[in-house]
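As the structure is a computational prediction, the values presented were derived from the model and not from experiment. Below, chain A is the first sequence line, B the second, and so on; all start at residue 1.
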Protein chains: 2
Amino acid sequence: MTYFDNAATTWPKPEEVYRAVEDTMRNFGGNPGRSGHRMALAAARLVYEAREALAEFFNAESPTNIVFTMNATDALNIAIKGVLKPGDHVITSSMEHNSVARPIFALTKSGVEWDIVKCGSDGTLDPDDVAKAIKPNTRLIAVTHASNVTGTIMPVEEIGKISQEKGVIFLVDAAQSAGVLEIDVQKLNIDLLAFPGHKGLYGPQGIGGLYVREGLHLTPIRQGGTGSFSEELEQPGILPDRLECGTLNTPGIAGLVAGVGFIKKKDLKNIRSHEEQLTRRFLEGLKEIDGVTVYGPAEAAGRCAVVSLNLKDMDSAELAYLLDSRFDIQVRPGLHCSPLAHRTLGTEDRGTVRFSFSVFNTVEEIDRALDALREVSTGSW
Amino acid sequence: MTYFDNAATTWPKPEEVYRAVEDTMRNFGGNPGRSGHRMALAAARLVYEAREALAEFFNAESPTNIVFTMNATDALNIAIKGVLKPGDHVITSSMEHNSVARPIFALTKSGVEWDIVKCGSDGTLDPDDVAKAIKPNTRLIAVTHASNVTGTIMPVEEIGKISQEKGVIFLVDAAQSAGVLEIDVQKLNIDLLAFPGHKGLYGPQGIGGLYVREGLHLTPIRQGGTGSFSEELEQPGILPDRLECGTLNTPGIAGLVAGVGFIKKKDLKNIRSHEEQLTRRFLEGLKEIDGVTVYGPAEAAGRCAVVSLNLKDMDSAELAYLLDSRFDIQVRPGLHCSPLAHRTLGTEDRGTVRFSFSVFNTVEEIDRALDALREVSTGSW
């Protein structure tokens with residue numbers, strides 16, 4: 001099996017992730033922050049250490065600036081709805097996923113204004129265009145760090161500077177970049193960073209998080225028990241309690257920390273270098289296959305390990321089915337929940353076939369995919 | 001170790017729950033509903049079968065009426081905020097958890113009216129009082145099925161009838177009852193049922209759900225990618241997609257289904273009977289210990305396997321600490337995120353010490369706890 005759907009969810013996970021989840025379920029079965037007995041305290045300690053590990057990983061001010069969520073979509077909703085009020089203006093790129101676009105679209109019905117800055121046909125965003133879109137009522141700029149369709153890396157450093165200068169809150173969707181590209185929230189002037197646990201951070205599905213800059217006060221979309229200030233009907237004001245309620249996903253958090261530990265051991269630079277090498281080899285190989293259209297930046301350095309393509313006039317679902325059933329290669333066809341991006345690329349009718357790589361993929365697998373595409377192209381399969 | 005904190009989270013889990021979580025992470029690593037390849041389809045099938053299992057378990061109309069959430073608190077927020085608009089009136093009991101009280105309290109700031117029906121000092125609720133509280137603008141009645149502080153079982157069948165007669169939506173918080181008490185949503189006229197995965201259903205932490213009656217249209221609190229209708233910026237109207245977005249907790253869902261399977265194998269009636277027996281023995285034994293005040297119904301039949309108590313004038317945290325450190329018995333002290341309930345019981349100052357049992361607890365453990373309390377009471381430890 002050649003698994004090239006890592007932009008949807010990475011697989012396999014490092015062995016230590018499986019072990020951490022199981023060990024937590026079996027041995028740290030208490031409810032973190034809810035009781036004072038040993039097993040509950042052990043669970044609470046595990047969760048706190050997870051905040052520490054993620055705070056260090058993204059260079060957050062403190063562990064309490066890390067909020068655990070169900071997934072990146074949940075984190076994005078908490079961020080977007082926590083910031084925007086009727087009358088506010090928000091700017092996004094034209095490459096955003098529905099996890100950014102749909103919450104904002106819902107808010108436009110209650111008087112939030114939304115401008116979409118048009119990206120180039122390779123998905124690249126000019127930061128000057130973002131600066132030009134800022135208005136007196138602009139409250140938020142929300143941009144993906146890397147497109148989930150083309151892998152295109154966005155100029156977050158430049159946008160961070162612009163946001164800071166203009167006093168606008170900057171939200172980055174790190175769905176494709178967390179664990180792959182270096183993210184220092186303080187250096188990049190990121191106010192809110194939404195990240196999934198189950199992609200580049202190699203944690204299990206069901207856990208994600210939101211970094212919230214110190215001092216930034218969000219209106220919560222959820223209220224409930226926090227194990228703190230229990231006598232108050234008002235949701236606590238402090239982080240992370242303000243934005244977290246109900247029982248946390250302790251085994252998922254343990255798995256996520258194990259994933260982060262794996263990345264630290266491997267070193268992010270080596271992971272990125274390996275994935276860039278795979279992407280470069282794939283892009284080079286594709287040039288020699290008749291009828292392949294590749295979307296996104298020409299150079300591997302300009303993208304995450306995500307390559308979208310189409311072959312001749314084949315339907316994307318048909319090609320993906322063929323790759324799975326005849327060649328045992330798993331890729332994702334269609335719109336990838338990003339209609340805005342496909343409008344930018346001009347592929348809204350048939351979508352694209354997306355190949356996405358992880359640290360566990362190999363050069364041999366890339367070559368196998370190239371061979372398969374060549375066979376399909378020449379009709380020799 | 002004698003673990004009596006099962007109302008916070010059950011522990012241990014059945015062996016098959018641990019195995020299902022691990023097996024899913026290792027072998028069903030695709031993203032359900034997001035791609036067409038074999039591993040993604042296997043994950044999607046697993047999720048659909050989970051909906052089927054839960055729909056059957058609660059007698060929902062169809063698997064699509066089961067929405068997966070992060071936890072019961074998330075489900076309650078989706079339900080409460082999906083129903084209530086400014087100007088609407090909502091009724092709750094005075095025994096509600098902060099997971100019901102805090103979201104409603106937040107909504108009162110934007111013009112939702114809230115009446116709290118006072119329960120008896122044992123936490124019991126008179127359904128006639130609920131009927132009397134209904135006003136022309138009453139849109140929702142939200143009641144816990146069983147108190148997390150005293151275990152008191154609420155008259156949900158009677159309230160269901162009243163709600164149906166009056167055309168009011170009925171939301172039941174099954175945080176303590178799912179997997180313990182029989183719940184037939186159609187028979188009980190329940191419109192919305194919020195349930196945690198990690199308590200009586202013996203699944204892992206990080207998964208919960210919401211049953212939504214067919215035809216009931218909720219305004220979602222979250223929007224994002226659903227893998228469906230991806231070309232639309234509007235969140236899809238169909239269930240479960242309308243209320244679910246982002247990557248689901250597939251391993252958690254697999255664990256939850258294994259937990260439900262365990263309950264079906266054991267039979268709910270046997271589980272309830274075992275837990276009632278433990279509760280009865282504990283309540284009987286407590287009568288013979290000097291200085292114990294027990295809260296909630298006198299009879300075990302009137303409550304879930306939850307017993308809150310205080311001993312003489314001891315602080316609840318002090319007693320719980322002693323039980324943990326000297327006797328290796330794990331219980332939960334304090335307010336249990338339910339200040340309303342403690343106001344009802346008159347225990348808002350020091351809280352209570354809560355003992356809560358699961359199917360894995362034994363008569364010997366009950367006796368050990370009684371011995372420990374006797375020793376503390378007589379000062380002979």
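- The residue among T73(B), T219(B), L233(B) with the most heavy atom pairs within less than 4.5 Å of chain A is L233(B).
- Using a 4.5 Å cut-off between heavy atoms, A8(A) touches chain B through backbone and side chain atoms alike.
- When G206(A), G252(A), G255(A), G224(A) are compared by the number of non-hydrogen pairs under 4.5 Å with chain B, G224(A) comes out ahead.
- Put simply, of T24(A), I253(A), D328(A), N6(A), the one with the most heavy-atom pairs under 4.5 Å next to chain B is D328(A).
- When each of K81(B), R222(B), E232(B), M70(B) is scored by its heavy-atom pairs under 4.5 Å with chain A, the top score falls to R222(B).
- Evaluated for a side chain to side chain donor-acceptor pair (under 3.5 Å) with S35(A), the options D5(B), D324(B), T9(B) yield exactly one hit, D5(B).
- By number of non-hydrogen pairs under 4.5 angstrom with chain B, the leading residue of E348(A), Q330(A), R343(A), H336(A) is Q330(A).
- Under the 4.5 Å side-chain criterion, counting only non-hydrogen atoms from C-beta, E22(A) is not in contact with V21(B).
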With side chain to side chain contact (heavy atoms under 4.5 Å, CB included) as the test, would you mind laying out the steps for R332(A) and R34(B) before giving the verdict?
CA-CA 8 Å; R332(A) 183 175 174 192; R34(B) 293 308 192 275; 4.0 Å; yes
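- The shortest distance between side-chain heavy atoms of N77(A) and I221(B) does not fall below 4.5 Å.
- Taking the charged nitrogens against the carboxylate oxygens, E234(A) and K109(B) do have a contact shorter than 4.0 Å, which makes a salt bridge.
- Between the N249(B) side chain and the I207(A) main chain, no donor and acceptor come within less than 3.5 Å of each other.
- For a residue to count as touching a neighbouring chain, one of its non-hydrogen atoms must lie under 4.5 Å from one of that chain's; by this rule Y18(A) touches chain B with backbone and side chain alike.
- Of the atoms belonging to P103(A), heavy atoms from both backbone and side chain fall under 4.5 Å from chain B.
- Ranked by heavy-atom pairs shorter than 4.5 Å toward chain A, the options V100(B), L248(B), L323(B), L76(B) are led by L248(B).
- S230(A) is not listed as a side-chain neighbour of H342(B), based on a closest heavy-atom distance of 4.5 Å or more.
- Counted by atom type alone, T226(B) and R102(A) present one or more donor-acceptor pairs between their side chains at under 3.5 Å.
- Only the side chain of H198(A) comes within less than 4.5 Å of a heavy atom in chain B; its backbone stays farther off.
- A donor-acceptor contact shorter than 3.5 Å is absent between the side chain of K13(A) and the backbone of G29(B).
- Heavy atoms of D74(A) lying under 4.5 Å from chain B belong to its backbone as well as its side chain.
- For V331(A), the part lying near chain B is the backbone, with the side chain staying farther off; criterion is any non-hydrogen pair under 4.5 Å.
- When only modelled atom types and interatomic distance are considered, R38(A) and S325(B) share no side-chain donor-acceptor pair under 3.5 Å.
- Of the residues considered (A175(A), S99(A), P12(A)), S99(A) shows the highest number of contacts with chain B, using heavy-atom pairs under 4.5 Å.
- Between H37(A) and Y3(B), the ring center distance clears the sub-6.0 Å criterion.
- Counting heavy-atom pairs closer than 4.5 Å to chain A, the top-ranked of the candidates G227(B), G208(B), G30(B) is G30(B).
- Of all non-hydrogen atoms in P333(B) and G36(A), the two that sit nearest each other are CD-N, 4.4 Å.
- Looking at heavy atoms from C-beta onward, M39(B) lies in side-chain contact with M1(A) at the 4.5 angstrom threshold.
- Note on C245(B), S228(B), A101(B), S338(B): by heavy-atom pairs under 4.5 Å with chain A, the leading option is C245(B).
- Comparing H97(A), Q223(A), M25(A), R354(A) by heavy-atom pairs within less than 4.5 Å of chain B, the highest count is held by Q223(A).
- Residue-environment remark: CZ (F360(B)) exceeds the threshold of 12 foreign heavy atoms within 6.0 Å.
- Between chain A and the options P236(B), A72(B), P204(B), heavy-atom pairs under 4.5 Å are most frequent for P236(B).
- When heavy atoms are compared at a cutoff of 4.5 Å, N31(A) approaches chain B by way of both its backbone and its side chain.
- Judged purely by distance below 3.5 Å, without hydrogens or angles, the side chains of N71(A) and T247(B) never pair a donor atom with an acceptor atom.
- Using a cut-off of 4.0 Å between Lys/Arg side-chain N and Asp/Glu carboxylate O, E15(B) and R26(A) are scored as salt-bridged.
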